[in-house]
Number of protein chains: 2
Amino acid sequence: MDNAKLKKQVKDKFTEYLTFHNCRKTPERFAILDHIYSTKGHFDINSLYKSMIDINFRVSRATLYNTIELLLDCGLVVKHQFGGNVSTYERAYGNDNHSHLICIACGNVQEIKNGNLFAHNQQKKIKKFTVHYYSMYIYGICNKCDQEKKTKTKNLPQK
Amino acid sequence: MDNAKLKKQVKDKFTEYLTFHNCRKTPERFAILDHIYSTKGHFDINSLYKSMIDINFRVSRATLYNTIELLLDCGLVVKHQFGGNVSTYERAYGNDNHSHLICIACGNVQEIKNGNLFAHNQQKKIKKFTVHYYSMYIYGICNKCDQEKKTKTKNLPQK
DNA sequence: ATGTATGCAAACCATTTGCAATGAC
DNA sequence: GTCATTGCAAATGGTTTGCATACAT
């Protein structure tokens with residue numbers, strides 16, 4: 001897999017960022033970055049914490065929060081808040097921009113590609129604002145919940 | 001102002017929703033809805049709470065949370081989580097869809113119109129998902145913070 | 001009369017903070 | 001040797017919950 005290549009690129013980028021900002025290059029920081037780029041998809045601090053413990057790498061939650069902050073700042077990670085009260089995160093480097101379909105019934109999140117959504121419709125209209133990134137969230141009912149609702153309605157016509 | 005007309009429409013819609021779901025039509029619920037539609041822009045539970053107290057209408061935060069939940073469910077209010085740990089809300093009825101420009105330096109949020117962003121680019125691509133609403137969040141640096149940064153950089157060339 | 005909705009206060013829990021110990025430089 | 005960073009535990013604060021009371025139906 002060329003995931004190794006990707007990991008090297010993000011590590012280099014992070015190193016550069018840390019150097020530029022006079023931050024220390026601690027093993028924790030690189031381990032966290034590496035771990036994030038070892039798995040695809042969304043994660044939250046708690047799942048990250050647990051999966052690093054599984055890998056036998058001990059970190060505190062405090063350090064995870066600190067490091068995520070740096071990774072957000074240097075654009076290697078993106079943060080989402082889909083509706084609950086946990087923040088979820090996602091790799092940002094080498095990750096095509098996509099929209100999120102969020103089911104308001106079950107909370108499940110799917111991703112869909114979104115071509116050049118932003119470039120075509122928005123970018124030219126924005127004055128006096130330097131864009132770093134953007135996120136499109138589409139809320140509704142997923143197929144699974146929709147089916148369940150229909151079934152339920154059939155069985156219990158009125159409530 | 002024809003805000004009275006708008007208020008009547010949302011009240012009717014809410015009444016219909018409450019009736020359909022066998023929920024009680026309490027004065028608190030209508031007062032909250034009315035209050036929300038008396039002011040434009042974003043609000044959070046705390047600011048709503050305080051401004052209702054100012055109006056001499058006593059409600060508990062618990063009731064605000066409960067009622068907001070109903071209003072979200074019937075589409076009269078939309079929820080945003082811009083990055084901090086407070087949820088902010090916004091009127092949804094009669095409110096043109098717009099994107100949000102969120103400054104990652106100062107947290108300020110501006111709105112911009114977004115034509116038919118969704119209709120043109122996304123709707124046709126979504127299968128097996130019933131869309132209720134969508135939100136576009138654009139993160140970056142606002143003009144004000146950008147100016148400050150430049151000034152700072154001039155004064156302190158290196159750090 | 002019945003049971004839902006309210007208000008209060010306590011509980012919850014993700015995130016933040018303070019501080020002593022560690023370790024990158 | 002310094003001082004930023006870590007880890008732990010305590011604090012914070014938005015949101016949720018439990019329960020007695022009020023009130024819509």
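Letters A, B, ... mirror the listed sequences (proteins, then strands); counts begin at 1. Just so it is clear, the structure is predicted and the values come from calculations on it, not from any experiment. What's counted below: heavy atoms across the whole structure, side chains too, no hydrogens, waters or symmetry copies.
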Nearest whole angstrom, please: distance from the P of C:dA5 to the CZ of B:Phe30.
-> 12 Å
Look at B:Arg29 and C:dT6 and indicate whether a side-chain polar atom (N or O) is within less than 4.0 Å of OP1 or OP2.
-> yes
Partners of B:His35 by side-chain hydrogen bond (donor to acceptor under 3.5 Å, both in side chains), sequence neighbours excluded?
-> B:Ser51
Per-nt protein contacts along nucleotides 7-15 of chain C (heavy atom under 4.0 Å; B base, S backbone sugar-phosphate only, - none) come out as BB-----SB
A:Thr26 vs C:dG23: side-chain N/O to OP1/OP2 distance below 4.0 Å = no
Using the C1' atoms of five pairs at each end, what's the angle between the two axes of the helix from C:dA1-D:dT25 to C:dC25-D:dG1, to 10 degrees?
-> 40°
Excluding sequence neighbours, so at least two apart, what forms ring-ring contact (aromatic ring centres under 6.0 Å, His included) with A:Tyr93?
-> none
Using the ring pair (Phe, Tyr, Trp, His ring centres under 6.0 Å) rule, pick out the option among A:Tyr89, A:Tyr137, A:Tyr133 that qualifies with A:His80.
-> A:Tyr137
Among B:Leu72, B:Leu76, B:Leu70, B:Val77, which one satisfies side-chain contact (heavy atoms from CB on, under 4.5 Å) with B:Cys74?
-> B:Leu76
Think B:Lys25 forms a cation-pi with B:Phe30, using NZ or CZ under 6.0 Å from the six-ring centre and within 45 degrees of its axis?
-> no
Can you find a heavy atom in the side chain of A:Arg29 that is under 4.5 Å from one in the side chain of A:Cys23?
-> yes
Is there a donor-acceptor contact under 3.5 Å linking the side chains of B:Arg61 and B:Asn46?
-> yes
Which is the 5'-most and which the 3'-most nucleotide of DNA chain D that has an atom under 4.0 Å from a heavy atom of chain B?
-> D:dG14 to D:dT25
For A:Ser47, what residues pass the side-chain hydrogen bond (donor to acceptor under 3.5 Å, both in side chains) criterion, not counting sequence neighbours?
-> A:Asp44
B:Asp34 and salt bridge (charged side-chain N to carboxylate O under 4.0 Å, His left out): which partner among B:Lys11, B:Lys7, B:Lys8?
-> B:Lys7
Give me the ring orientation class for A:His98 and A:His100: parallel if the planes are under 30° apart, tilted from 30 to 60°, perpendicular past 60°.
-> perpendicular
